[in-house]
Amino acid sequence: MNVTIAPFVPKAHTPFQWGPMVTLERITEIRRLIKSITTNRKIKIKFNTPERSILEGVFARGDRRLGDVILKAWSKGCKLDAWDEYFDYQKWNDSFKEAGIETNFYLHRKRKEDEIFPWDHISSGVMKQFFKRESKKSSRQQYTPDCFKEGCPDCGACVRSSHYVGN
Ligand code: SF4
């Protein structure tokens, strides 16, 4: 059995857009723990490169200031980062430093409920209010049923919603 494990990356336009992402240290710790308890040779565990997940976390909820970082990293040769032999986390870290960007601001901070996000002006169809509700439900471990099988919780994305504004 092959299992691939990747850390959870909170994304824009989701109920998790307010939450902090796990730290690089914690990812490494969990990775070590999983390896130590997986003794069955028939189970092959693959992990996403934690540093790559951290970068994903920064850009998933980034803003326009990161454009400078991308340009700097590209100038240093960060071009085929999906390939391990080309991925150089240090170059990315140098680029953040040179651009005066503190990655913790994007990664590990719990956002205030009323924070205005850089992506708020882009409509995915689903209301921010709905994401807020879902975020609270998620922290209480409450499940929202599939709206096409059960009732409509009114997310705003289709004609069944009283808030639907169309495309
Ligand atoms: S508005 Fe449409 S997509 Fe959204 S919850 Fe209701 S049925 Fe589902």
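Numbering of ligands and ligand atoms starts at 1, following listing order.
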Numbered atoms of ligand 1 (with element) below 4.0 Å of Cys152, judged on heavy atoms: 1 (S), 5 (S), 6 (Fe), 7 (S)

SB check Arg52 Asp81 (cutoff 4.0 Å): no

Shortest protein contact, atom 7 (S) of ligand 1 (heavy atom only): Arg160 NH1, 3.5 Å

NZ/NE/NH1/NH2 to OD/OE distance under 4.0 Å, Glu29 and Arg26: yes

Identity and distance of the protein heavy atom lying nearest atom 5 (S) of ligand 1: Pro153 CD, 3.3 Å

Salt bridge (Lys or Arg N to Asp or Glu O under 4.0 Å), paired with Glu98, selected from Lys91, Lys72, Lys76: Lys76

Nearest protein heavy atom with distance in Å, relative to atom 2 (Fe) of ligand 1: Cys158 SG, 2.3 Å

Where ligand 1 meets Ser161 - atom numbers and elements under 4.0 angstrom, heavy-atom basis: 1 (S)

N, O or S atom of Cys155 closer to atom 6 (Fe) of ligand 1 than 2.8 Å: no

Single-linkage hydrophobic cluster, 4.5 Å side-chain cutoff, Phe105 and Leu107 together: yes

Residues Glu102, Arg109: salt bridge by 4.0 Å N-O rule: no

Protein contact to atom 8 (Fe) of ligand 1 [nearest heavy atom, distance to 0.1 Å]: Cys147 SG, 2.3 Å

Gap separating the SG atom of Cys152 from the OH atom of Tyr164, nearest 0.5 angstrom: 12.5 Å

